[in-house]
Every structure is written in C-alpha cells, then in structure tokens.
Amino acid sequence: MLVAGVDSSTQSCKVVIRDAETGAFVREGRASHPDGTEVDPVAWWAALSAAITAAGGLDDVAAASVAGQQHGMVCLDAAGEVVRPALLWNDTRSAGAAAELVEELGGGQAWADAVGLVPVASFTITKLRWLASNEPANAERTAAVCLPHDWLTWKLAGAGGLDTLRTDRSDASGTGYWSTPAGEYRPDLLRHAFGREPLVPEVLGPTGIAGHLPNGAPLGPGAGDNAAAALGAGARPGDVLVSIGTSGTAFSVAESPAADPSGTVAGFADTTGRFLPLVATLNAARVLDAVGALLGVDHTELSLLALSAPPGADGLSLVPYLEGERTPNRPKSTGALHGLTLATSTPAHLARAAVEGMLCALADGLDALVSQGAVVNRVILVGGGARSEAVRRIAPEVFGAPVVVPPPGEYVADGAARQAAWVALGGDEPPAWSGGEVEGYEAKGVPAIRERYAEAREHVIDRTG
Ligand SMILES: Nc1ncnc2c1ncn2[C@@H]1O[C@H](COP(=O)(O)OP(=O)(O)O)[C@@H](O)[C@H]1O
Ligand SMILES: O=C(CO)[C@@H](O)[C@H](O)COP(=O)(O)O
C-alpha cells in the first residue's frame, strides 16, 4: 500500500511516495515556487500539479496529506475564488498591525495566555488586521480565510463549498485566532482583528479526513511544515529539531503547551495531539545563498571556504537580518558585518561569518526553548541548509551541543506521508517507520563566537523606505 506526502514550502513543492507500512521510499517529484513574500496561490497549485506529475501521479496511493509553509493568509470570496495574492509568513508589512494587536489586548502575557503566542508580522491574525486597515474592499470580499496547506488540500479534494475547508491543530495554532491551550478557535479575537468573522476551516484531529482524491483515497488533515518535519524525523521528547530552510526554526515535541509572554517561543501544537514550542527566524538558508552569490561560489565552495577560516572568523561577525527579523522582533532591521580588518577581509572569513551568524541566531532560539522548559538531549539538523558540510561541522561549536543529521531527505513531505499512512492504517500512534542512519557531529563549544555575535547584533540599522 502506498501513501503520498506533500511539502508546499516557501521555495518549492515536493511530493514523496512511500510504502505505508515500512516507510520505504518509492518515488518523488518537485517543482519551484515563485520568489517574493506575496504569492498568488494559483502558483502553488501549478507547482503541486507539476510535482505530482513528476512523482508519477497519485492514482495508486491509498491516502495523501499536505504539509505547507505556515501562517500565509489565503483569502477566498463567496464563490471560492482567491481574493488577492497570499501574504506569506516572511512578509513584514503587518508589523504595525502586530504591535497594535499586542497593545489592544493588554500586552504579551494576555496573548500568550489566550492563544499561546504573541503577535508578530508572521502570524495570520496580523495580516488580517493589515488587510482590514489597508484594503477594505478586499477585506469585504473575504468570505473565508485559510492557510496554504488548507487551500491545497481543499483543491485536491475538488474545491467544494467553503464549508468543506479543513485544517489541523498544528497549522491552526499559528494563526493567532486558534488557542493552543484551549484547543479551539477564538472567534472573538478574529472579530477584534478583522472587524468580522470570515469562515475558517474546521480543525481535524490527528487522523481526521479532509476530503478525497479523485481515486477515492482519503486526504489526511495535513500540517504546518515544522510539525510535519517533527513527524518525518521521528522526533521524541528530548529532541530539538533545527530546520535550516528559508526560515530557521528550532522546536521540540512537548507534553504541555508553551506560553511565553516575550513572544520569543511560539506555543504551537503538533500533529499527534501534543505540542510544538517553536522559535523561528526569517533568515536562514538564504543567508548562505546570498553570501555565496556575493562571493561568486556555489554551496560546496562556500562550505569549503567557511571551514578554511578559524572558529570565530578572527572576530568577523555577520548579523543575518537580510529580510528584517522576527526573532528578535525587528521587522525593519538590516544585516550587518562587524569586525572588518585587512586580515578579515577575505572570502573565507566572510563565508565563516555567514555560517556562524546564521547559526548564532538559531542558538539564541535554543536558549529560549530551554528557558521554556525544553530538554535538549540531541539536536537534529534538517532542511536544505543542513546539506552544507560547514553548517554541520560548525553547528556543535555554536550550539555547544552534539548535533545529528539524518540522511538527506524531505522530512516535511515524509512527515505528511507518515500522517497519510496513519490515516490509511489507523491505530493510536503513527506507524513506526525506521529512519536511516544518522550522522553525528561533535565539537567543543566555542562560546566566543556567540559572545562576539551578541555584541554585533545590537548594532544594526533599519532599512530605508
Ligand atoms: N548544500 C547546501 N548548502 C547550503 N544551502 C543549501 C544547500 N542545498 C540547498 N540549500 C538551500 O536550502 C534552501 C532550500 O531548503 P528547503 O528546506 O527546501 O527550504 P524551504 O522549505 O523554505 O523551501 C535554499 O535556499 C537552498 O539554496
Ligand atoms: O513561519 C514559520 C514558522 O513559524 C516558517 O517556518 C514557515 O512555516 C516557513 O517554513 P519554510 O518554508 O522556511 O520551511
């Protein structure tokens, strides 16, 4: 019996087909997404269709699930048409709306208690407030609001009435109008932010059925991409996953919800009925892409360059806020390079500073998770950036903890496939798939890297315009 998992992520769409009982890999396909922080969902549908074709189609699968980038605002009119391009998780135009919402409810503690997170520009609720304030005609036309994975699942199921939209706990928990601690929507907060209550998808349990494919196979509830990665990598309590994709995320599977009034840790839910406290940065793999382009080298050469410079890059420190930043909440900030001397003005030092700076931002996230009660027995590194040898070798120096890297793979799509297998096979827990051999990376922590970075990160300036 075969199952399919989809990862509709920021930069691309991946489809993986696996054996439901064993998890054995069968085939896969992928297609790119357009650039930008505002994207017409029709482009995701085109990419999903192309990726499905590249993966040999879905006619022979017994179940499928879609995971996707979190928080994106997909507005639909009464006829089910998309109202405007979706604003993605990394679109910072709603930073002012986020600040308003925090103040209006009485501060971070009130939000953390109500829904488990404190609004920043990434979360859907702030995008809805932005829409109501800036595009009232589009807000007026909005009959339903959903997330990227909800919309793609709905499309795969044949795009019936708006009342057939479905979502899952993990993605609902990133909206800002679904309460992780209470496990239910907060329509009052949705109304407060948007001025009225558009229809929102029904939230399914871990093996709920969101619709059916044309061959009759059930569609699982799907998931936010980070929660799906936790399922795909087989994360257990005590594991912290660090994902280096377009976003950088650090998160763990927990038995109780987080409620961090500072907003650093977002108290999300997971796919199994548990919780997923998570810290996210806006700047991860693309920092390495950008510095590679600046130096005119590919990923392999960038990695070799970085590893040829000493730990700490002789004091060169890169603050990676190339797209503004979310953690810390500095949506308008820019990146910065500190510590330039004649000696550090080399490609190797810059490459090393880029890897270290990106990892330092994630190390701050790990600290925040620990302060919320996470136990870090091991760090599991996933995402496109984890393919870099330099990232793998430098991560334990920066994190001060051993790192394991599972075999290169699509852990988000795999998590979605494992969820689909759970739907197809039933049972109280997802089927036990054996992950491949992990590679371990150990190194002595080098605290000076983070000390220098901590100094540098306080000296950034905002973008112009
Ligand atoms: N060997 C590598 N070294 C560093 N970065 C890499 C490497 N391979 C891929 N990447 C980067 O990883 C990113 C894609 O990772 P992915 O986890 O698929 O992102 P997303 O889920 O956000 O779409 C791209 O920015 C790509 O350039
Ligand atoms: O905003 C978050 C998590 O809160 C991001 O992690 C998005 O879910 C996008 O993920 P990638 O496409 O970078 O994997």
Side-chain angles (χ1 to χ4, degrees), residues 6-14 30-35 37 39 44 47 67-73 87-92 116-117 119-124 126-127 147-149 170-171 173-176 223-230 232 241-251 263-269 276-293 297-306 322-323 325-327 351 354-355 358-359 362 365 381-394 405 408-413 415:
V6 174
D7 174 15
S8 176
S9 70
T10 313
Q11 296 191 48
S12 62
C13 183
K14 304 117 185 173
R30 67 161 56 222
S32 293
H33 284 162
D35 273 344
T37 61
V39 172
W44 299 332
Q69 53 174 313
Q70 297 189 250
H71 318 305
M73 177 186 71
L87 298 186
L88 306 195
W89 61 278
N90 53 355
D91 188 290
T92 52
L117 50 81
V120 288
S122 289
F123 300 141
T124 327
T126 71
K127 299 175 191 303
L147 299 167
H149 109 253
S170 69
D171 231 5
S173 68
T175 58
D225 56 0
N226 293 293
L241 260 97
V242 170
S243 168
I244 302 174
T246 315
S247 63
T249 53
F251 52 98
T264 306
V265 177
F268 294 157
L276 199 84
L278 178 145
V279 179
T281 68
L282 294 189
N283 299 284
R286 276 178 168 161
V287 175
L288 307 186
D289 297 349
V291 171
V297 297
D298 65 14
H299 285 137
T300 309
E301 290 166 309
L302 186 78
S303 174
L304 287 170
L305 278 172
L322 308 193
E323 293 219 87
E325 192 41 91
R326 155 176 170 185
T327 314
V355 174
M358 187 266 293
L359 290 170
L362 284 162
L381 212 54
V382 295
R387 294 177 197 251
S388 156
E389 187 66 16
V391 168
R392 295 157 172 242
R393 292 202 178 283
I394 296 171
V405 185
E410 296 301 341
Y411 287 91
V412 176

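Order of appearance sets the numbers: ligands from 1, and atoms from 1 within every ligand.
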Go through ligand 2 atom by atom and flag the ones less than 4.0 Å from a non-hydrogen atom of [X].
{"X": "Thr246", "result": "13 (O)"}
{"X": "Thr249", "result": "6 (O)"}
{"X": "Phe268", "result": "4 (O)"}
{"X": "His71", "result": "1 (O), 2 (C), 3 (C), 4 (O)"}
{"X": "Thr10", "result": "9 (C), 11 (P), 12 (O), 13 (O)"}

For [X], is at least one N or O under 3.5 Å away from an N or O on ligand 1?
{"X": "Gln11", "value": "yes"}
{"X": "Ser247", "value": "no"}
{"X": "Thr246", "value": "yes"}
{"X": "Leu288", "value": "no"}

Just jot down the ligand 1 atoms closer than 4.0 angstrom to any heavy atom of [X], in number order.
{"X": "Gly383", "result": "17 (O)"}
{"X": "Gly385", "result": "5 (N), 12 (O)"}
{"X": "Ser9", "result": "20 (P), 21 (O), 23 (O)"}

Proximity of Val412 to ligand 2 by residue part, where a heavy atom lies under 4.0 Å:
neither
[X] side chain to [Y] main-chain N or O, any donor-acceptor pair under 3.5 Å?
{"X": "Thr327", "Y": "Ala280", "answer": "yes"}
{"X": "Ser170", "Y": "Gly224", "answer": "yes"}
{"X": "Lys14", "Y": "Val6", "answer": "no"}
{"X": "Ser122", "Y": "Asn90", "answer": "no"}

Min heavy-atom dist Gln11 to ligand 2 below 4.0 Å
no
Just to be sure I'm reading this right: ignoring hydrogens, which of Leu276, Thr327, Asp225 gets closest to atom 14 (O) of ligand 2? Compare them by their nearest heavy atoms.
Asp225
Taking the side chain as every heavy atom from C-beta outward, state whether [X] and [Y] have any pair of such atoms under 4.5 Å apart.
{"X": "Thr175", "Y": "Gln70", "result": "no"}
{"X": "Glu325", "Y": "Asn283", "result": "yes"}
{"X": "His33", "Y": "Leu88", "result": "no"}
{"X": "Val297", "Y": "Leu304", "result": "no"}
{"X": "Asn226", "Y": "Phe268", "result": "no"}

Side chain or backbone, does Arg326 bring an N or O within less than 3.5 Å of an N or O on ligand 2?
yes
Is there a nitrogen or oxygen of Ser122 sitting under 3.5 Å from a nitrogen or oxygen of ligand 2?
no
Identify, for [atom], the protein heavy atom at the shortest distance, and state residue, atom and that distance.
{"atom": "atom 4 (C) of ligand 1", "value": "His299 CD2, 3.4 Å"}
{"atom": "atom 11 (C) of ligand 1", "value": "Ala285 CB, 3.9 Å"}
{"atom": "atom 27 (O) of ligand 1", "value": "Asp289 OD1, 2.8 Å"}
{"atom": "atom 12 (O) of ligand 1", "value": "Gly384 CA, 3.3 Å"}
{"atom": "atom 6 (O) of ligand 2", "value": "Ser247 OG, 2.8 Å"}
{"atom": "atom 7 (C) of ligand 2", "value": "Gln70 N, 3.7 Å"}

Begin with the C-alpha distance, continue with both residues' side-chain angles, and end with the deciding distance and a verdict on side chain to side chain contact (heavy atoms under 4.5 Å, CB included) for Asp225 and Thr249.
CA-CA 11 Å; Asp225 56 0; Thr249 53; over 6 Å; no
Begin with the C-alpha distance, continue with both residues' side-chain angles, and end with the deciding distance and a verdict on side chain to side chain contact (heavy atoms under 4.5 Å, CB included) for Trp89 and Thr246.
CA-CA 11 Å; Trp89 61 278; Thr246 315; 3.8 Å; yes
Does Asp298, at its CG atom, have more than 12 non-hydrogen atoms belonging to other residues, nucleotides or ligands within less than 6.0 Å?
yes
Once you restrict to heavy atoms under 4.0 Å, what part of Lys14 touches ligand 1? Side chain, backbone, both or neither.
side chain
So for Arg387 against ligand 1, with non-hydrogen atoms under 4.0 Å, the contacting part is both
If we ignore angles and hydrogens, is there a donor and acceptor under 3.5 Å between the side chains of Glu389 and Ser303?
no
Could you go step by step and tell me if Met358 and Val391 meet the side chain to side chain contact (heavy atoms under 4.5 Å, CB included) rule?
CA-CA 9 Å; Met358 187 266 293; Val391 168; 4.1 Å; yes
As a quick check of understanding, evaluate side chain to side chain contact (heavy atoms under 4.5 Å, CB included) for Arg326 and Phe123, giving each step before the final call.
CA-CA 10 Å; Arg326 155 176 170 185; Phe123 300 141; 3.6 Å; yes
